[in-house]
Number of protein chains: 2
Amino acid sequence: MAASRDPSSPCVTFLKERESDCVHCAIRASALFAELDAAELDQRLKAIHNGLVRSNTIIYSKGDPAEAVFTLRNGVVKLVGADADDAPRILRILGRGAAIGLESIDGGTYAHTAVAMRDLNLCRIPKSALLSLGGQHPGLLTGLATKWREHAYWSERWIGTLCTGKQSTRVPALICLLAEISGDPLSAVRLPRSSDMADVLGCSVEGLSRRMAKLKRKGLLRRVAPWTYSCAPELLTWGRVVDPLGE
Amino acid sequence: MAASRDPSSPCVTFLKERESDCVHCAIRASALFAELDAAELDQRLKAIHNGLVRSNTIIYSKGDPAEAVFTLRNGVVKLVGADADDAPRILRILGRGAAIGLESIDGGTYAHTAVAMRDLNLCRIPKSALLSLGGQHPGLLTGLATKWREHAYWSERWIGTLCTGKQSTRVPALICLLAEISGDPLSAVRLPRSSDMADVLGCSVEGLSRRMAKLKRKGLLRRVAPWTYSCAPELLTWGRVVDPLGE
DNA sequence: CGGATAGTTGACAGGAGTCAAGGTATGTGG
DNA sequence: CCACATACCTTGACTCCTGTCAACTATCCG
């Protein structure tokens, strides 16, 4: 659970760090620089570095000075805040193409702790690069606006489906949401450790475990590999979650 | 609870409608057009109208074509979505200076239902005006970005303090949040009807009523006028909600 | 003065947290 | 390859929180 980070470094250390190749990036269409053309990118983005990060690594911690925004090329990241009792609370889960730390960039410090939930491939965009580009390129702002809109969409789905109702409806909703975020097919959804799922739902691990057990017993969820589950399509009808446990 | 709106109109009808005077608007600094100078405003914003709206009026409904964004000059508005069981769920509460419907403006239809919680004074900015201005004024986009950031901030506080834990901590947190949004002093917070508060917290009205009763019994909440309560400052230490009911 | 809507309170039942014990994985070192 | 340590997950028993149902009261209007 405890993640490792070199405390002497102002920022997470990448494994296999290298300069980014934004022009040929597979996720460019969905990333921040979608609006900039190839020539612009090639010329300006020397400051952006790309690298790998191991599962459980803290990318940044709440309160750290916000020096950079990260773009997630691959993997899944959790943003952790605290609830009223200082218990950890996962506020968002981000998948491929997400911008991480955007909400902090002009606040000075990061508003949450970002932790890798799998091995990741991400790009670090220094604050300075982002600001100087932003001043000159309205197109970048459009990209930012898109990110904010996505953010709003997810927050509301989060509140509407993950924070209300009985556990027996929220757990399946979470599984489906995770499948969607990570891009996994329903036949092989990779689930995080249960304490993470509990921190998303704001429930106890035991409670979560019981619902999962029941889903398995009913044949709606089947373990196909470590951390990987195949879930029945009836598990939820999208948009409107029915209670598959009949509780 | 059911609010009235003229179904034949494509949009909410204002009482006392008139052209807006954005240049002299008291909340301009916090509104969308903060970045535009007075001359620009005066010249371009003929399309923006200002008007009053009665408490309980539906400003727009989920699924309506998104023709306009509204800026709230005064009052409080709730955005209502539905949870997994189709029960109403209040996703956000907006106060003075807020932009309403922003998240829908390029989605075609509104993503929530917006309802006046008090008598309001608001401005209607047609989609077309917003888009044409946006194309020419990067500064407007900065204003938009600010709105999105505020949105993110509130969503996360919402999830962190209103969706987790026992009712006895969440109810006081809600009261304080409402005071902050509406700008009321703690000595005279105007609270909405209890079904609204219950829809924010995702709990039953009865449950809410019990917590309120206990707060009153403990002298932490005192009714000073209809809908208006004075709450003790110990009721919550900001940022970190302690359980004032000791439950 | 009714009639409607909103809020309150009690009794009860079911959901969910907590504590404690045992089980299963995953990884390390011999 | 096995033994062991550690973390993670599961299950049961118990208690407390919270929703539901129902009756009652308060408030607001015309």
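None of the values given here were measured: they were computed from a predicted structure. Sequence lines set the chain letters: A, B, ... in the order given, protein chains first and strands last, and positions in each chain run from 1. Note: hydrogens, waters and symmetry copies are ignored here, and every other heavy atom, side chains too, is used.
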Q | Residue pair R92(B), E156(A): steps toward the side chain to side chain contact (heavy atoms under 4.5 Å, CB included) verdict | A | CA-CA 9 Å; R92(B) 291 180 73 201; E156(A) 277 148 24; 4.0 Å; yes

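The side chain to side chain donor-acceptor pair (under 3.5 Å) check on R73(B) picks up nothing, with sequence neighbours excluded.
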(Q) For nucleotides 17-23 of chain C, give me one character per nucleotide, 5' to 3': B if any protein heavy atom sits under 4.0 Å from the base, S if the only such contacts are to the sugar-phosphate, - if neither. (A) SBBB---

Q. What string of B, S and - do you get for nucleotides 23-30 of chain D, 5' to 3', when a contact is any protein heavy atom under 4.0 Å?
A. --------

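A donor-acceptor contact closer than 3.5 angstrom links the side chains of T164(A) and R89(B).
Rounded to a whole Å, the NZ atom of K166(A) is 17 Å from the P atom of dA13(C). Atoms CG (L221(B)) and P (dT8(C)) sit 11 Å apart, rounded to a whole Å. One can place CG of L215(B) at 16 Å from P of dG7(C), the figure rounded to the nearest angstrom. If you take CE of M212(A) and P of dA16(C), they are 16 Å apart, rounded to a whole angstrom. As a whole-Å value, the separation of R211(A) CZ from dG14(C) C1' is 11 Å. The NZ-C1' distance, from K214(B) to dT9(C), rounds to 14 Å in whole Å.
Between the side chain of D64(A) and the backbone N or O of S61(A), at least one donor-acceptor pair lies under 3.5 Å.
S194(B) has a side-chain polar atom (N or O) that falls below the 4.0 Å cut-off from OP1 or OP2 of dG7(C). Within the structure, a side-chain polar atom (N or O) of K216(A) is placed less than 4.0 Å from OP1 or OP2 of dT10(D).
Listed candidates were dT8(C), dG7(C), dT18(D). Nearest to the side chain of R193(B) is dG7(C).
Remark: I59(B) CD1 to L72(B) CG distance equals 7.5 Å, nearest 0.5 Å.
At least one side-chain heavy atom of R54(A) sits under 4.5 Å from a side-chain heavy atom of D119(A).
Here the closest heavy-atom approach between residue I93(B) and residue I181(B) is recorded as O-CD1, 3.4 Å.
Between F14(B) and F70(B), the ring planes lie perpendicular to each other; the angle is over 60°, past the 30° to 60° tilted range.
Using a cut-off of 4.0 Å between Lys/Arg side-chain N and Asp/Glu carboxylate O, E180(A) and R157(A) are scored as salt-bridged.
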